[in-house]
Amino acid sequence: MGPYEQIITIMREQGAAKNPPMLQIGEMTSATTCRVGEIEIESDDYLIAQHLTDHEIELDIKSNEAIEADTNTTSGHNHKLLDIKTTKSKVKIYGALKKGDVVLVQRMSDELYVIIERLVEL
């Protein structure tokens, strides 16, 4: 490598050190692989935001107002529920990425990416 190439290499390295990598748009090629530009990243090469996975959460529900619910019977009556309360109820969230989803990706290093969000068109 000549002296000019060495200078250019040093300039590129210093520029990269001071400028964080840009956000990129990727596409899930399967439930566990993602294509970002020409690079195919596998699940062991990225971290993913929890809300983009299937997961359970616990929550408390409390309502002091009446809730009315129609029944599916031929009489068509309804029921009124008062003072509903539940503690640490488990709810399953189905948020897993699938093939074809467009995602926002941040490159953290040569070996690690972070999938931040699923992108949709309005």
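Keep in mind that the numbers below use all heavy atoms, side chains included, and drop hydrogens, waters and symmetry copies.
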Just do the side chain to side chain contact (heavy atoms under 4.5 Å, CB included) check on Val36 and Tyr46 with the steps written out, would you? CA-CA 12 Å; Val36 179; Tyr46 64 81; over 6 Å; no
OG on Ser30 to CD on Glu42, rounded to 0.5 Å: 7.5 Å
Out of curiosity, Lys99 NZ to Asp101 CG, how far, rounded to the nearest 0.5 Å? 12.0 Å
To the nearest 0.5 Å, atom OG1 of Thr53 lies from atom CD1 of Ile115 at 11.5 Å
So OG1 of Thr32 and CD1 of Ile41: to nearest 0.5 Å the spacing works out to 11.0 Å
Donor-acceptor pair, side chain of Arg118 and main chain of Gly95, under 3.5 angstrom: yes
To the nearest 0.5 angstrom, please state how far the CD1 atom of Ile48 sits from the OH atom of Tyr113. 15.5 Å
Enclosure of Ile25 CD1 (heavy-atom neighbours >12, cutoff 6.0 Å): no
Contacts of type side-chain hydrogen bond (donor to acceptor under 3.5 Å, both in side chains), residue Thr87, not counting sequence neighbours: none
Does any N or O in the side chain of Arg107 come within less than 3.5 Å of the main-chain N or O of Val114, such that one atom is a donor and the other an acceptor? no
Starting from the C-alpha separation in whole Å, work towards a yes-or-no answer on side chain to side chain contact (heavy atoms under 4.5 Å, CB included) for Asp60 and Lys88. CA-CA 5 Å; Asp60 297 339; Lys88 294 198 179 210; 4.2 Å; yes
Side chain to side chain contact (heavy atoms under 4.5 Å, CB included) evaluation trace for Ile57 with His55: CA-CA 7 Å; Ile57 62 170; His55 62 281; 3.7 Å; yes
Are any non-hydrogen side-chain atoms of Met28 and Thr33 less than 4.5 angstrom apart? no
Is there a side chain to side chain contact (heavy atoms under 4.5 Å, CB included) between Leu97 and Val103? Walk through the geometry before answering. CA-CA 9 Å; Leu97 294 170; Val103 293; 3.9 Å; yes
Taking 4.0 angstrom as the limit, do Glu40 and Arg35 come out as a salt bridge? yes
Taking every heavy atom of Leu23 against every heavy atom of Ile116, the minimum-distance pair comes out as CD2-CD1, 3.8 Å
State the NZ-CG distance between Lys98 and Leu52, to the nearest 0.5 angstrom. 11.0 Å
Check for a donor-acceptor pair, side chain of Asp45 on one end and backbone N or O of Leu112 on the other, with a separation under 3.5 Å. no
Kindly work out whether a path of hydrophobic side-chain contacts (I/L/V/M/F/W/Y, heavy atoms less than 4.5 Å apart) joins Ile39 to Val105. yes
Does atom NZ (Lys92) have a neighbourhood of more than 12 heavy atoms from anything else shown, all under 6.0 Å? yes
Common cluster, Leu47/Met22, ILVMFWY with side-chain heavy-atom separation under 4.5 Å: no
